[in-house]
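If you read the sequence from its start, that first residue is 1, and numbering goes on from there. Whatever order the structure lists them in is the order used to number ligands and atoms, beginning at 1.
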Amino acid sequence: MKDLTIIIPAKDEKESLPTVIKNLKPFECEIIITIKYDDIETLESIYNENVKIFYQSGKGYGNSLREAIGSCQSKYFCIFNADGSFDHNDLPKMYKEIRDNDFIYTTRYESPGGSDDDTIITLFGNKFFSKIGNLFFSLKISDILYTYLMGKTDSFKKLNIKSNDFRFCVELPLKMEFAKMNYKTIPSYEKKRIGGEKKVNAFKDGFLILIEMILLFFKYKIFRKKII
Ligand SMILES: Nc1nc2c(ncn2[C@@H]2O[C@H](COP(=O)(O)OP(=O)(O)OP(=O)(O)O)[C@@H](O)[C@H]2O)c(=O)[nH]1
Ligand SMILES: [Mg+2]
């Protein structure tokens, strides 16, 4: 997988990131940690690891990803969280399919996928937003917010993603659908995060995501703005 870069967004992940990197080492692809320059404890936890560090210029999850993927040089990239919840065994399965697609998404809600990390609230939110994606945008993804995906770097760059926060999680799949790109999903099992605290606030981020979906609906469905 020499033409793949694994991009790891990290914020306050000193408990989990060293283990995540150790698990990814056998795949022999480039690993980039995208992080804020002042996240000293996380940076110290991996100081002797052979990985590249990308310093995001702004703040937020979406900012870290859109800047790091934007500067990525390899043909393919994969977003891989720093909290230890993603299953690295899915990488070869995604890699096998990416040649014929623009993006390969994963879903916790198709067998044998699942989650040890969902709460009642996140399960409801994930299902709710995925249903909106299916009904209003014809998106064929049963887990819109999981954002464990592999993509063609050029395809990502064409979408001109602007979100600096967790709205990234809907802007990417919806724009990909508007642009009529090819995508597929495979099932995945989410583990509990290894340590540290979650950064998503179910209510605040859920509200922002809903507003983003409404705005994108008007912009690209009603007013038919073109992506490419
Ligand atoms: N660089 C960077 N990374 C971030 C930021 N916010 C979140 N992340 C990382 O993005 C990934 C996803 O965040 P999580 O807190 O795990 O979100 P979540 O998966 O909904 O929450 P959990 O259920 O606790 O796993 C993690 O690897 C975080 O460290 C940020 O502002 N900057
Ligand atoms: Mg997580």
Need the ligand 1 atom indices (1-based, order shown) with element for anything under 4.0 Å from a heavy-atom of Thr34. 1 (N)
Answer yes or no: is there a side-chain heavy-atom contact under 4.5 Å between His88 and Phe80? yes
So, is Lys36 polar-close to ligand 1, with some N/O to N/O distance under 3.5 Å? no
Could you tell me the separation between the OG atom of Ser163 and the NZ atom of Lys175, rounded to the nearest 0.5 Å? 7.5 Å
Test of understanding: given a 4.0 Å heavy-atom threshold, classify the contact between Thr122 and ligand 1 as side chain, backbone, both, or neither. neither
Parallel under 30°, tilted from 30 to 60°, perpendicular over 60°: which one fits the rings of Phe168 and Phe156? tilted
Could you tell me how the ring of Phe128 sits relative to the ring of Phe124: parallel (under 30°), tilted (30 to 60°) or perpendicular (over 60°)? parallel
What atoms in ligand 1 come closer than 4.0 Å to a heavy atom of Gly60? 30 (C), 31 (O), 32 (N)
Side-chain touch Glu190/Tyr146, heavy atoms, less than 4.5 angstrom: yes
If you have a sec, work out which protein heavy atom is nearest atom 20 (O) of ligand 1 and how many Å separate them, to one decimal? Val200 CG2, 3.1 Å
Note the single closest protein heavy atom to atom 9 (C) of ligand 1, along with its residue, its atom name and the distance in Å. Pro9 O, 3.4 Å
For Leu135, look at atom CG and say whether over 12 heavy atoms of other residues, nucleotides or ligands are found less than 6.0 Å away. yes
Anything under 30° is parallel, anything over 60° is perpendicular, the rest tilted; go ahead and classify Phe137 against Phe217. perpendicular
Do the side chains of Met1 and Leu91 get nearer than 4.5 Å, heavy atoms only? yes
Atoms named by residue and atom, protein N, O or S, within reach of the Mg ion (ligand 2) (under 2.8 Å): Asp83 OD2
Check: Phe166 N/O within less than 3.5 Å of ligand 1 N/O: no
Does ligand 1 have an atom under 4.0 Å from some heavy atom of Arg193? yes
Would you mind listing which atoms of ligand 1 come within a distance below 4.0 Å of any non-hydrogen atom of Ala82? 27 (O)
What's the separation between atom CG in Leu123 and atom CZ in Arg108, rounded to the nearest 0.5 Å? 8.5 Å
How long is the span from the OG atom in Ser45 to the CG atom in Asp12, to the nearest 0.5 Å? 10.5 Å
With heavy atoms under 4.0 Å as the rule, classify the contact between Lys198 and ligand 1 as side chain, backbone, both or neither. both
Check for me, please, whether Phe54 and Ile69 land in the same ILVMFWY cluster - side-chain distances under 4.5 Å, paths through other members count. no
Can you find an N or O of Glu197 that's nearer than 3.5 Å to an N or O of ligand 1? no
Could you check atom 15 (O) of ligand 1 against the protein and tell me its nearest heavy-atom contact, residue, atom and distance included? Lys199 N, 2.6 Å
Atom 25 (O) of ligand 1 [closest protein heavy-atom partner, distance rounded to 0.1 Å]: Asp83 OD2, 2.8 Å
Check: Thr34 and Glu67 side chains under 4.5 Å, non-hydrogen atoms: no
Atom 12 (C) of ligand 1 has as its nearest protein heavy atom Asn81 ND2, 3.4 Å
Quick test: of every protein heavy atom, which one is nearest to atom 28 (C) of ligand 1, and how far off is it to 0.1 Å? Glu13 OE2, 3.2 Å
Is there a path of hydrophobic side-chain contacts, each under 4.5 Å between heavy atoms of I/L/V/M/F/W/Y residues, joining Tyr148 to Ile144? no
Let me confirm one number: the OG1-NZ distance from Thr5 to Lys75, rounded to the nearest 0.5 Å. 13.0 Å
Do Val51 and Tyr37 belong to the same hydrophobic cluster, where Ile, Leu, Val, Met, Phe, Trp and Tyr are linked whenever their side-chain heavy atoms lie under 4.5 Å apart, directly or via other members? yes
Distance alone, cut at 3.5 Å: any donor-acceptor contact between the side chains of Asp118 and Tyr109? yes
May I ask you to identify the nearest protein heavy atom to atom 4 (C) of ligand 1, giving residue, atom name and distance to one decimal place in Å? Lys11 CB, 3.5 Å
Proximity of Asp117 to ligand 1 by residue part, where a heavy atom lies under 4.0 Å: side chain
Within the 4.0 Å heavy-atom shell around Ser64, which atoms of ligand 1 are there? 1 (N), 2 (C)
Where is the nearest protein heavy atom to atom 32 (N) of ligand 1: which residue, which atom, and how far? Gln56 OE1, 3.1 Å
For atom 10 (O) of ligand 1, which candidate among Tyr148, Phe80, Tyr61 provides the closest heavy atom? Tyr61
If you count the atoms of ligand 1 from 1 in the order shown, which ones are under 4.0 Å from a heavy atom of Ala10? 1 (N), 2 (C), 3 (N), 29 (O)
